[in-house]
Amino acid sequence: MTTTNARRCVFAALLAASSTLVSTTIVSAQGSEGIVVYNAQHESLATAWVEGFTKETGIKVTVRKGGDTQFANQLIQEGANSPADVFLTENSPAMALVDGAGLFAPVDKETLDQVPAEYRAADGMWTGIAARTTVFAYDKTKLTEDKLPKSMLDLADPAWKGRWGASPAGADFQAIVGALLQLKGEEATSSWLKAMKDNVTPYKGNSVAMKAVNAGEIEGAVIYHYYWFGDQAKTGENSKNVALHYFKNQDPGAFVSVSGGGVLKSSKHQKEAQAFLKWITGNAGQAVLKDGDSFEYAISGESNPKLVPLKDLNAPKIEASTLDSKKTVELMTAAGLL
Ligand SMILES: [Fe+2]
């Protein structure tokens with residue numbers, strides 16, 4: 001090849017490369033490359049939301065799988081370079097962490113307007129997308145109504161030693177402890193946790209704890225309600241001996257936890273990300289909760305009719321956006337639970 005020919009070849013290659021760049025830019029400007037969701041919610045629920053949203057809007061969604069705390073920490077590490085456009089959680093403490101780091105963009109007003117105030121952050125930086133209630137799942141072959149704990153706090157009593165379980169390492173249980181901390185303060189929470197350490201059998205996951213109740217290993221477990229409903233809707237094999245006790249009376253054990261959704265400030269697809277959040281909190285997204293098999297509560301509109309209505313749970317009043325996960329982990333670690 002002559003020098004001139006070689007130069008021509010290089011020029012042609014550069015031209016080809018630059019036209020590729022141009023077309024990539026156009027695709028991105030149209031937003032058709034879609035959005036990335038860091039999803040810590042249950043996979044089947046997120047999939048149902050994503051499929052409904054994409055079908056209606058044509059916007060593609062890539063879902064990445066992880067846990068509440070794991071993704072919150074990852075987002076804080078990634079900062080402005082995060083590939084995430086949207087963050088969905090099971091519980092609100094992880095939302096509070098990311099909000100505290102200043103990583104969220106304000107949620108569109110239209111979205112906030114369709115969510116009741118008690119199910120979204122006071123600062124408008126994230127919104128509730130679903131809700132779940134704390135329950136005491138108990139062995140109905142062993143315990144009768146009169147033998148059930150009146151309050152979750154009763155489980156600290158030595159009479160309950162070795163008789164109940166929980167999944168202390170999970171974000172679900174840590175949200176419950178966060179609520180206890182907000183309601184009763186540091187001292188009361190710390191002594192309850194120390195007593196819990198003496199009494200509890202720890203399991204890895206709520207469904208494992210429920211299975212242990214069903215198998216007669218323990219008499220009850222503090223978990224969320226939907227694990228029982230989900231199992232009942234399938235074969236019921238892991239919950240046939242199990243019934244749910246709702247503490248009500250604004251007890252810490254009647255805590256309703258808010259699953260959160262937020263748009264990252266660093267997202268280059270603000271419009272599409274906000275549209276996704278609006279869709280899941282709107283009629284179509286909330287109908288997935290009502291008609292699907294997640295058995296989580298809708299936060300706007302009607303919930304699945306099989307559930308005890310949210311308004312009948314008599315849950316304690318909690319400010320979801322200030323649940324303190326750092327302090328919670330600190331107290332649980334000091335009690336030897338983590
Ligand atoms: Fe869960």
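Values reported hereafter were calculated over all heavy atoms of this structure, with side chains retained and with hydrogens, waters and symmetry mates removed. In this text the structure is predicted, and so the values were computed from the model without any measurement. Whatever order the structure lists them in is the order used to number ligands and atoms, beginning at 1.
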### Message
Is there a side-chain contact between Lys184 and Pro252 in this structure, where contact means two heavy atoms from C-beta onward sitting under 4.5 Å apart?
### Response
yes

### Query
Would you call the rings of Phe87 and Phe104 parallel, tilted or perpendicular, where under 30° means parallel and over 60° means perpendicular?
parallel

### Task
May I ask you to decide if the ring planes of Phe136 and Phe247 are parallel, tilted or perpendicular, using 30° and 60° as cut-offs?
tilted

### Task
Name whichever N, O or S atom of Glu90 ends up nearest to the Fe ion (ligand 1).
OE1

### Query
Relative to the Fe ion (ligand 1), which of the N, O or S atoms in Asp172 is the closest?
OD2

### Query
Closer than 2.8 Å to the Fe ion (ligand 1), do we get an N, O or S atom from Tyr226, backbone or side chain?
yes

#### Entry: N/O/S atom of Tyr227 inside 2.8 Å of the Fe ion (ligand 1), strictly under
yes

Show the atom names and distances, to 0.1 Å, of all donor-acceptor pairs under 3.5 Å that link a side chain in residues 105-113 to residues at least two apart or in another chain.
{"from": "Lys109", "atom 1": "NZ", "to": "Asp113", "atom 2": "OD2", "distance (Å)": "2.7"}
{"from": "Glu110", "atom 1": "OE1", "to": "Lys278", "atom 2": "NZ", "distance (Å)": "2.7"}

